[in-house]
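Order of the sequence lines fixes the chain letters, A, B, ..., with proteins taken first and strands second; residue numbering starts at 1 for each chain.
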Amino acid sequence: MSEQEPTRAANFVRTAVAEDLETGRFQRPIVTRFPPEPNGYLHIGHAKAIAIDFGIAQEFGGRCHLRFDDTNPTKESQEYVDAIMRDIHWLGWDWAEHLYHASDYFEQLYQWAVQLIKAGKAYVDDLTADEMRETRGTLTEPGRESPYRHRSVEENLDLFERMRRGEFDDGTKTLRAKIDMNSANLNLRDPVMYRIRKTSHQRTGDTWCIYPMYDWAHGQSDSVERVTHSLCSLEYEDHRPLYDWYLDALGIFHPRQIEFARLNLSHTVMSKRKLLSLVEHGHVRGWDDPRMPTLAGLRRRGYTPEAIRDFAERVGVTKAANMVELAYLEACLREDLNKRAERRMAVLRPLTLILENYPDDQVEEFEAINNPEDPSAGTRKVPFSRILYIEQDDFRDPAPPKYYRLSPGAEVRLRYAYIVKCTGVERDAAGTVTAVRATYDPATRGGDAPGRKIRGTIHWVSAQHAMDAEVRLYDTLFTAPKPDDVDDPTSVLNSTSLEVISGAKVERALGLVAPETRVQFERLGYFVADWRDHTPDRLVFNRTVGLRDTWGKIERTLS
RNA sequence: UGGGGCGUGGCCAAGCGGCAAGGCGCGGGACUUUGGAUCCCGUAUUCGGAGGUUCGAAUCCUCCCGCCCCAACCA
């Protein structure tokens, strides 16, 4: 990684790292690490942490390691490991050859534990989990020492070795650090270092039956890797004294832990437990469901890695609890997509428009601009004929106030084609509009209307050239801005978070796009060809995010 | 309640003793062959509250209030 993108907003982490370099607390290279536990998919909150971990390293010309915190084999799996690596790469970050696992250090950790036992700073305890809870004390009352706390070094060494050999059953013994049962910080009340788990591990298999706890594994892993700055979230602030205690007790390289506030996003949940639950209960169609805040879900939804990184940078880094509005993320997305997505025409809910004075067998082609924000994107030809499809929303009878689209007697521009005037409506027995009739003005070819003020321009697709498509419209998974504040989040699940439209009509150019291609359907929003289901024979698009909708706002105020 | 943190406009967030950046959102206008984009303008006499120090305080001191995290052999 090299130093680039030099001018970024100051934040306390960057400041701290810069100071550490100036004061000589640490020498270059700066080393950070991103330490996911492979027990779920990465989400937008992780994207912020990743941006900080990899970003800081990059800015200071250092490096960032990817280290799987695989200390609990009962919850972890290779599927998650693979997904995590894929998602980080998708975001555009790279750990190069620095891929590590806490399990790489199991033997070293064991040796260090022996060192602490010999120093009289750790002991084997026979208390059960329940007994340990009872003797730990409470927030206001101190804990009590375990009756096994004063075993001799020899006995502890013997017992610990036999724990490793598998002589004891799960839960019957632990190795604990001997710190202070009276500490006001619960983490210092003789924390467990090892527990017995006769479970095979996805990497070490059955080599071990004792597994280190997070606190015992983390700091030491950082130390082994010569990590200078161990950046983590606020909930680990209480763990820092323990982090420091282990490192000092061992007398090894001592990284600095710095904590920042994790990201919270409105209208969604971020805990892996809750996300897992959504998947397992079928509220969504898997971890990569486009409604999920997972990176896999956002990707399938059509988000760009650039937008997510920009968002992570813009929300900043502080220690204040926060709840960022979804609208902010969407603004970053639109900003990126507006510059890069090519425009196409698609009609989601088709309404037939018949041009009475247009020759039956005539077909014209009009030049359409692919991206007004990017001339290099060029143009394309769009076929036009007598019978077209327009959006049902673009015709109203009668027209409400301030409505600039089609209605009986009104004129509107068909994007890139002609000005047309509505002459009539066809209805079925129930009174439902089945088709709209209009005449076109041959003098306005291409859509030019010199001397005339045409307020509305609508999109269309030639019926005989249109292709069918399925379009999936998404809304927030939850109706409540803060589903975490509700007792039962499933009670605020949005029942209309997914709407599948099967009869959409799209211009033929859309039939050629590859999965994951992002486009703007003019006047509707940004869409992406579905990663899994889109094929040349079956077009499937996901709505990534709608366009800013000024008319929608006006309409809502009117009603 | 003991400990650890945090409180700047609706949401993020600069600011670190010299007289409240910026972004998102919102409101208004210009422009427009996307009611998109773009461009203007507006949006905290005030920084959780109350005292105090100072010529001067969001920034320093004191007290108070509120919110978050911690009592897994999870991370």
Restricting to non-hydrogen atoms, name the atom on A:Leu247 and the atom on A:Pro255 that form the minimum distance, rounded to 0.1 Å. CD2-CD, 3.7 Å
With rounding to the closest Å, how many angstrom separate the [atom1] atoms on [N] and [M]?
| N | M | atom1 | result |
| --- | --- | --- | --- |
| B:rC55 | B:rA50 | P | 23 Å |
| B:rG35 | B:rC40 | P | 22 Å |
| B:rC16 | B:rC12 | P | 22 Å |
| B:rG49 | B:rU8 | C1' | 15 Å |
| B:rG3 | B:rC19 | P | 38 Å |
| B:rG15 | B:rU46 | C1' | 14 Å |
| B:rA58 | B:rA72 | P | 44 Å |
| B:rU62 | B:rC67 | P | 23 Å |

Under 4.0 Å, counting only non-hydrogen atoms across every strand here, what does [X] touch: a base, just sugar-phosphate, or nothing?
| X | answer |
| --- | --- |
| A:Arg133 | sugar-phosphate |
| A:Val317 | sugar-phosphate |
| A:Tyr236 | base |
| A:Ala320 | sugar-phosphate |
| A:Glu330 | nothing |
| A:Glu522 | base |
| A:Tyr403 | base |
| A:Thr318 | sugar-phosphate |
| A:Asn11 | nothing |
| A:Asn72 | sugar-phosphate |
| A:Leu127 | base |
| A:Arg176 | nothing |

First locate atom CG of A:Leu524, then atom CD of A:Glu391, and finally report the distance between them rounded to the nearest 0.5 Å.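 Between A:Leu524 CG and A:Glu391 CD, I get 5.0 Å after rounding to 0.5 Å.
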Can you tell me how far CZ of A:Arg195 sits from CG of A:Asp170, rounded to the nearest 0.5 angstrom? 10.5 Å
Between [N] and [X], is there an OP1 or OP2 to side-chain N/O distance shorter than 4.0 Å?
| X | N | result |
| --- | --- | --- |
| A:Arg195 | B:rA72 | no |
| A:Arg548 | B:rG35 | no |
| A:Arg523 | B:rG35 | yes |
| A:Thr71 | B:rC74 | no |

Check the angle between the aromatic planes of [X] and [Y] and answer parallel, tilted or perpendicular using the 30° and 60° thresholds.
| X | Y | answer |
| --- | --- | --- |
| A:Phe68 | A:His101 | parallel |
| A:Tyr41 | A:Trp287 | parallel |
| A:Tyr328 | A:Phe311 | perpendicular |

In whole Å, what is the span from the [atom1] atom of [X] to the [atom2] atom of [N]?
| X | N | atom1 | atom2 | result |
| --- | --- | --- | --- | --- |
| A:Arg189 | B:rG2 | CZ | P | 13 Å |
| A:Arg314 | B:rC12 | CZ | C1' | 11 Å |
| A:Arg413 | B:rU34 | CZ | C1' | 11 Å |

Base-paired stems in RNA chain B, each at least three Watson-Crick or G-U pairs under 3.5 Å: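 Expected stems, ordered by start: B:2-7 with B:65-70, B:10-12 with B:22-24, B:25-30 with B:38-43, B:48-52 with B:60-64.
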Aro-ring/base stack A:Trp551-B:rG35, d under 5.5 Å, angle under 30°: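 A stacking contact exists, since A:Trp551 sits close and nearly parallel to the base ring of B:rG35.
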Ring-base stacking, A:Tyr328 with B:rG23 (5.5 Å, 30° cut-offs):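 A:Tyr328 ring does not meet the centre or angle cut-off for B:rG23; no stack.
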Can you work out whether A:Thr138 or A:Gly552 has the more 5'-proximal nearest nucleotide on RNA chain B? A:Gly552
Tell me whether B:rA13 sits syn or anti, counting syn as a glycosidic angle within 90° of 0.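 Here the answer is anti: the torsion falls beyond 90° from 0.
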Looking at residues at least two apart in the chain, or sitting in another chain, which of them share a salt bridge (charged side-chain N to carboxylate O under 4.0 Å, His left out) with A:Arg340?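 Salt bridge (charged side-chain N to carboxylate O under 4.0 Å, His left out) list for A:Arg340, sorted by chain: A:Glu306, A:Asp336.
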Give a yes or no on whether A:Lys198 atom NZ has more than 12 heavy-atom contacts from other residues, nucleotides or ligands under 6.0 Å away.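 Counting neighbours around NZ of A:Lys198, more than 12 heavy atoms of other residues, nucleotides or ligands fall under 6.0 Å, so yes.
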